[in-house]
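Naming: A, B, ... by sequence-line order, numbering from 1 per chain. Values below: every heavy atom of this structure, side chains too, minus hydrogens, waters and symmetry copies.
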Amino acid sequence: MSLAKSPWIIHVNVNSCNGCDIEVVACLTPLYDAERFGVLNIGTPKQADIMVVTGSVNYKSVNVLKNIYNQIPDPKVVLAVGACASTGGIFHDCYNVIGGVDQVIPVDAYVPGCCPRPEAILDGVVAALSILEEKKKGNIKGKEVKLKGNEVPSNA
Amino acid sequence: MIENTVMLLIIVPLLFSLLFVALPKSLYKILAWALFILGAALSVNLVLDGTGVVQIGEPNFAMLENVVLILEVLVILFILAVSAKYKNWPTLGLGIISAAIFAYTFSNVPKVEGASFNIDQFSQVMILIVNIIGTAIILFATGYMDQYEEHRHLNRQKTFYFTMSFFLAAMNGLVMADTLGWLFLFWELTTLCSFVLISYNMDEEGINNGFRALALNLVGGIALSIGIILLATNNVSTLSGIGTYAGTNAAALAAVALPVALLCVGGFAKSAQMPFQSWLLGAMVAPTPVSALLHSSTMVNAGVFLVVKLVPAYAGTSLGTAIAVYGSFTFVMCSALALSQRNAKRVLAYSTIANLGLIIASAGIGTPLAVAAAIMLILFHAISKALLFLCTGEIEHTIGSRDIEDMSGLIKKAPLLTTLAALGMVSMLLPPFGVLLTKWVSMEAASSNPVVIVFLILGSALTTVYYAKWLGTILSSSMDKNAVPHKKLETYFPLSLLGLAIVVTSIFVFPIYDYFVKPQVDILLKAAPAISGLAGEFTTEIGAFTYIVIFVVLALAILIYLATKNMFTPRMSSYYMCGENNLERDRLMFRNGLCSYEKSSVSNIYLQNTFGESKLTTLGYAISIILIAIALLGGIGL
Amino acid sequence: MLDNVIQNVTDIKSMPEVLKTVEGLKNDGYRYVTMICLKANEGHELIYIFEKDDKLKHLRYFVKPGEKPKSVSGIYLCALLIENEYQDLFGLTFEGLAIDYKGHLYLTPNSPKTPLA
Amino acid sequence: MTTVIPFGPQHPVLPEPVSLKLEIDNDVVVGVLPSLGYVHRGLEKFIDTKDYNQTMYICERICGICSGIHGITYSRAVEKLFDVEVPERAQYLRVINSELCRIHSHLLWLGLFADGFGFESLFYECWKYREDVLDLLERFTGNRVIHSMSKVGGASRDLTKEQIDQILKTLDDLEPKVKNIEKVFVNNYTVKKRLVGLGVMSKQLAYEAGTAGPTLRGSGNAIDVRNTADWDIYRDLGFKPAVAKEGDCYGRTKVRIDEIYESIKLVRNAISKLPNGEIETRVKGFPTGEAVMRAEQPRGEVVYYVKGKGTKNLERLKVRTPTFANIPSLLLMLPGVKLADVPIVVLTIDPCISCTER
Amino acid sequence: MGMLNLVLTNISRKPATRLYPFEVRAPFKEFKGRIVFNPDNCILCGLCQKKCPPDAITVTKADKTWELNVFRCIMCTECVNGCPKDCISISNERAKTGAKEFIKIVVPIVDKPKAAPSK
Amino acid sequence: MNMNDILTIVLVLIGAPILGCLASGIDRRITARLQGRVGPPILQPYYDVKKLLSKDNMIVNPSQNFYVIVYLVFIILSLLMLVFKQDFLMIIFVYTVASLALIVGGMSTGSPYARVGSSREIMAILSYEPVLILYALAIYLLTGTFKLTAVLDASSPLLIYTPLIFIAMIVVLNIKFKKSPFDYSTSHHGHQELVKGMTTEYGGPGFATIEIAHFYEYVFLTGLIFLFWASTPIIGVLIGILVYLLIIVIDNITARVYWQWMLKLSWSVLLIISIVNIAYLYYSQAKLV
Ligand code: NFV
Ligand code: SF4
Ligand code: SF4
Ligand code: SF4
């Protein structure tokens, strides 16, 4: 139960229009107060359990997403918030968009909507909690996602 | 027995200095080892021999007195010659004054019959420092100087080793001599050694700084010699005699006040207290072993040694209070000055001055507890500082810089060296180590004087800050692992020895206190502090320092760490760089706006604006000169 | 083309003249608003937009294929972002940029090149 | 040796991927290099595949905070191409939506800004009040942040009598609440300690640096596009731009707080003058020609350039957003401030990266 | 002092928090929650697919399916307005959070019995 | 060491973290209420620690966890020394070891944010350490010994002689709790320019250790306030709680300020008022009885 009572989230905005971001932040504010469930928006991935990703992934932020994902200690859960993060949303065939977050890292739960209401995001966090618990029990580790090919710029 | 040891202590280093000149470079290592072993053996032997006074009577005395006379003339001639050669007029002027005073002494002051060496516990402590730490430093130098000279295209090692071991002899003489005239000779000889070694590089900077050291020490020497002359008018010609004389009655106490104050000023100059501190900072251009030997653990201690020895002549008087305030002022001022320094050797230099100031302050307070603190601090400080200087030297050879900022990540490059350096720093500012213990004792002792204690409090907070910065920097793991330094025995043996000494002396602080310090304080003040060392506690009348518990807890922490290290599946990861890094590359790199990787770095806070050197130095000069003037005027009896 | 919709357009023929005009506008107290880039007849059309007292002023300049236009970021620092943007998106090269992102303002080596060109 | 540290893209102070490389010497910033592209989607290319009606939804999603005005401005730009006149009621509805958006955006910013200087409870206070506005918007448009209220040719939702009452009531409640937080922002000692004299831009400098919106007005320039000839509704409503002379973070904060009051006033006036009638004109055919349309976003002036070539897709859409204009001013303001001030200075331009990069 | 007043008022009042999920506030009737599809009248004309900005709807004439990618829909109501048969409506209930499997709603369009002419 | 002492040690070892955990839970709860929220359950810090302990031990530097263990054990030691009425000056030095261990731990990770945070925290030492030692000095002046026995055995409270130092100590506590306006080196939530400051690279068990140490530290620091009215323990505890509440309120009504400002505040205001207080004690020769 311990994980389920203290989910610390790290919010990663990869390619989002801010709509989802402000709703994620709104979850933490008094009217929704996610801290009731022990949710803390912690700054550093090293202390986070749930990675809340908003926005589709683009070619520049893919590195950020992978690095942050790798830096979260196991067990960890990725929550994709919004149409963009889930499937690429309205931007799914823009030239600079790779697609939903699951194209890059494994996603455990999705929150639909553009943008999703804070209630929906809270639902997502609650859903993530049970997944977190399962992962802890099953000792399921997240795989390390490597940067590949030209995602690593040759240094100038 | 004891006579022989005393003589050997002076003669053996002299012999070695000649050997260093005579024998080729390739044998230096062996010589240094031999010197180390002999020095250690002799000093331990002296301790085993116990205390006592060695009288030198006729016929040896006449012969030796002549030697002394010749040497003094040579010293003065050397000063005059060298300052004339380099056209350093202030030094020349001071040399002429010294010569005049010497001539005056020679013709007017009554001659003494016989001379004496006084071996008390304090001298024993000093001898141990000089002959164990000092020879260890020379040993270290054999692993150090080659690379040093290579960098600077020098070839003067003969001079170097000659002077170093000659210095040991002079220093041994200095701490044992009781006759003021002889003491003065040894005093000037150490000054000369210091001059030679500071200008070792023979470049402009070195020579200028050497002359600054020479000049300022000559000022001190002049004060010292005037003091001696004044004392001679009271028929006091030995160091121990001053206390005895002052103890006879109130009038005698008042009579020696001015000469004692002058002797103290001499001590201040030697210990580079404000306003003389600039010579010690300049001395940092010398090779690091020199800084370690002369400018932190031994020669500068001669100043405070003298001041502490004079305690009976001013304890409890207003002169004592003035000295205490002066010392604590130097302590806080130099600690503040160290705050804005990023050159490791300058930090150490300021820290040295500050700690000497603390010793002087403790001596000035003059209670048994305080004097005990002063003597112990001399010992602990010498060990820690020698280690720190040597480590800095070795660090410089490892990374090519003595800038604290460049040392970040050192733990990855040279773990053992870094651990030793860290131990040195920790021992300077944290319990349960000796330096802190003595700082604690002196704080408790000083709490009767509001000004001194406030200065000490501020100073100790500042000390924590500048060491913490450095400590954190060397322990931070940011540099990638490359260039592991070659470990040389003659480098790491002295370092480890000093490290070990820190731990051992700190653990056995009470026996050390009991054996060396307590009787000495008894001699000086005819009263010993009420300190007990039961149950691993160092208990004074107003507090207790539970050092053993802390050692135990520290060991516990290490144990817990080792036990839990692998309990929670450790996994190495990359740094948090806001997501813009890459594990495979340098772990501190991040991708910047131009899509290329760049290294992140962090420098410490140095507060140059608030604690800037020039601003504070000016302030320090002003206040310290005022304080010295007060002390002297108080001596005259105003 | 209904040119009447955007008004106050000046066509400029050569790059030095653009710089001179821009310089002049700055001295007249105009604010740099932005620059539009359009594909036109193999080359690109640049429309500089300036504003003063709520009046817009447009400068139109045609960049021939292969030509390297000069940056006005030396005159108006704020022009640097938009010029860098067009380096990314249209593959133009502006000379004399205050900060040159070299085509990496938005795009990285792994993303599509010059998507709007 | 200077300190070089990355600030962003994933950084807890800002929910958005603002990314700067900071060079710091002695706790003072000496160099900044912004890094962009984390939210670049390529929306300006997107119009190739979407028709001009669908493009409205894309423009709204340039940014979720200022989306309403994006949609409105886009619609107006295309209407200019078609040369159609939008019914007056629709115009008023657009103003009401715009101003409610502005209130929500400014409250949001005030909150994030407070968080930027470590004033968590003030942050929460602002966001608490903001929820009232979001409720209004939700009832008005059907969504909390992305409203899709405007469409080419008019508005897609009308206001009912009941909703109008709700709006007026909520605004009456909101005004004293804003006064409360204004007191804190303007008077609190620690807040003033952090804001006054920080990131100063003179009137001239702000003007020449091409800044927009509160960043520009915080330095004493009374430039606000709501005031212009393009759209006279605002002048009918008695609009006055909010200006502060200080030119520092404090001034910019005051401008934004004043704008909240101004917006409340505008909404009230617009409601009182709300004409009856249609809310939409049908637009037929395909857009041709080119047009520039400007509007005042919460963060400043947005410029839309649209070009049609007689097909159902536009040929070129270009948006110059206010943050795009304000970012260069960071290069001027940041050098010389302390590291601890970086988030504050960055936040005072109210950066919106998704707007900037589209 | 302004802030002191505010925090003290806060602590003296009931918290402003809406206790979701324990107390659920009824959604506003205007709220655009999710798309509801009524297959009865659909003629598979594909207009909705064409209008949908994020391409969330796929109408496959051959398989006779109407498919909605809920996780892509942005609730713009273009399809609602665009459907000639008013098959699509919008509900003020939210789409549910879920894992990937729930992402699509596939509705087979059953052939309607031929209408009046045959009679 | 007799049975009683061992019992006390065990009691402190177990009791202090429970108290500290509750205190920090209450802190979060009150903070939430001050912000108009419901807030987490009181036991939230306990859940947090439990969770952290069950997570992977992600490290950037093999030795980084050593420093937090030193931090923990030395906090415990200083608390124990306080409970056993040891030399106060010594307690402060031991406490410095703990603070320094955390700082060095932060720096040892090498992360730029942690290093900047640590160097700011070093500056915090510069501002609070003198006040703490002056507090010790005041106790010495009033009782003639640095041992706390005298304070705890006295029948009159310390506070009436040391009101100014009391005020300074409130600020010191504020600094030590790392609460606004002094949360510049690491903040409890990570919303600051330095992410989580010193603790940026700590996660899982390492961070749990820091949290547990914080629990002890809470008790230790409140204990320092308790000393001001130790003669009537109930009042002492009450004052401790009041100061704690005051700090929570201050946390919620102030913005974060610069460390420079703190340094100025402490070296001008705090030091001066403490020294004035000390001077008064010197010249009045007041004694605690
Ligand atoms: N206001 C606004 Fe935008 C626009 N356009 C701006 O930079 O916020 Ni997202
Ligand atoms: S889902 Fe909608 S609101 Fe969220 S980021 Fe994407 S476009 Fe913006
Ligand atoms: S839902 Fe409506 S628009 Fe879509 S295919 Fe069916 S009838 Fe056509
Ligand atoms: S509401 Fe909009 S996005 Fe959703 S299915 Fe309909 S047209 Fe597509």
Side-chain angles (χ1 to χ4, degrees), chain A residues 10-33 35 41-45 48 51-65 67-68 71 82-84 88-98 113-119, chain D residues 8-19 35-46 48-50 54 57-58 60-67 70 104-105 108 111-112 115 121 123-132 134-135 138 143-146 148 352-355 357-358:
Chain A
I10 179 166
H11 169 208
V12 186
N13 171 335
V14 270
N15 194 11
S16 136
C17 80
N18 281 341
C20 289
D21 298 271
I22 56 177
E23 294 296 60
V24 168
V25 179
C27 278
L28 305 164
T29 56
L31 257 62
Y32 298 94
D33 192 21
E35 207 185 339
N41 183 8
I42 210 80
T44 155
M51 181 176 181
V52 175
V53 192
T54 54
S56 48
V57 189
N58 77 5
Y59 288 95
K60 191 154 187 181
S61 54
V62 59
N63 292 19
V64 181
L65 194 63
N67 279 323
I68 301 276
Q71 288 175 355
C84 290
I90 193 167
F91 308 127
H92 66 102
D93 55 2
C94 283
Y95 65 81
N96 204 30
V97 171
I98 295 177
C114 177
C115 24
R117 299 180 62 82
E119 282 99 337
Chain D
Q10 196 283 325
H11 199 289
V13 166
L14 308 158
E16 270 205 289
V18 176
S19 178
S35 166
L36 280 77
Y38 298 97
V39 200
H40 180 62
R41 290 147 290 184
L43 298 186
E44 285 164 7
K45 169 88 170 166
F46 214 26
D48 288 1
T49 49
K50 304 288 166 197
Q54 292 174 328
Y57 298 101
I58 293 164
E60 282 203 312
R61 281 161 182 81
I62 285 177
C63 172
I65 303 174
C66 51
S67 77
H70 269 301
H104 118 72
S105 172
L108 170 136
L112 290 179
D115 201 34
S121 43
F123 160 46
Y124 285 153
E125 210 60 31
C126 298
W127 280 58
K128 210 158 74 187
Y129 303 155
R130 173 175 165 265
E131 287 289 327
D132 296 345
L134 288 186
D135 278 352
E138 188 181 345
N143 211 340
R144 281 161 55 90
V145 288
I146 295 193
S148 313
C352 177
I353 302 302
S354 57
C355 277
E357 298 172 358
R358 303 166 305 279

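Neither the backbone nor the side chain of A:Cys20 has a heavy atom closer than 4.5 Å to any heavy atom of chain D. Residue contact with chain A, scored on non-hydrogen atoms closer than 4.5 Å, is absent for D:Arg358. With a threshold of 4.5 angstrom between heavy atoms, A:Ser16 approaches chain D through N, CA, C or O but not through any side-chain atom. Only the side chain of D:His104 comes within less than 4.5 Å of a heavy atom in chain A; its backbone stays farther off. Of the two parts of A:Leu31, only the side chain, counted from C-beta on, holds a non-hydrogen atom closer than 4.5 Å to a non-hydrogen atom of chain D. Interface residue A:Asp93: backbone and side-chain heavy atoms are both found under 4.5 Å from chain D. For D:Tyr57, the parts sitting under 4.5 Å from any heavy atom of chain A are the backbone and the side chain alike. For a residue to count as touching a neighbouring chain, one of its non-hydrogen atoms must lie under 4.5 Å from one of that chain's; by this rule A:Val14 touches chain D with the backbone only.
For the set A:Gly19, A:Cys17, A:Cys84, the count of heavy-atom pairs under 4.5 angstrom toward chain D peaks at A:Cys17. Listed options D:Arg61, D:Glu138, D:Glu357, D:Lys128 were ranked by heavy-atom pairs under 4.5 angstrom with chain A; first place goes to D:Arg61. No other option in A:Ile68, A:Leu65, A:Ile90 has as many heavy-atom pairs under 4.5 Å with chain D as A:Ile90. With chain A as partner, the option from D:Gly111, D:Gly64, D:Cys352 having the largest number of non-hydrogen pairs under 4.5 angstrom is D:Gly64. Of the listed residues (D:Leu134, D:Ile146, D:Ile65), the greatest number of heavy-atom pairs within a distance under 4.5 Å of chain A belongs to D:Ile65.
With contacts defined as side-chain heavy-atom distances shorter than 4.5 Å, the pair D:Ile353/D:Tyr38 does not qualify. Side-chain contact check for D:Cys355 versus D:His70: some heavy-atom pair is nearer than 4.5 Å. Contact of the A:Asn96 side chain with the A:Lys60 side chain is not registered, since no non-hydrogen atoms from C-beta on lie closer than 4.5 Å.
The CG atom of A:Asn58 sits 7.0 Å away from the CD1 atom of A:Ile98 when rounded to the nearest 0.5 Å. Expressed to the nearest 0.5 Å, how far CD of D:Gln10 lies from CG of A:Asn67 amounts to 11.0 Å. For the atom pair D:Arg144 CZ and D:Glu131 CD, the distance stands at 4.5 Å (nearest 0.5 Å).
Between the side chains of A:Asp21 and A:His11, a donor-acceptor pair is found at a separation under 3.5 Å.
Just one residue in the list D:Leu43, D:Thr49, D:Ile58 forms a side chain to side chain contact (heavy atoms under 4.5 Å, CB included) with A:Cys94, and that residue is D:Leu43.
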(request) Could you check A:Thr54 against A:Asn13 for side-chain contact (heavy atoms from CB on, under 4.5 Å), going step by step and ending with a plain yes or no? (result) CA-CA 5 Å; A:Thr54 54; A:Asn13 171 335; 3.9 Å; yes

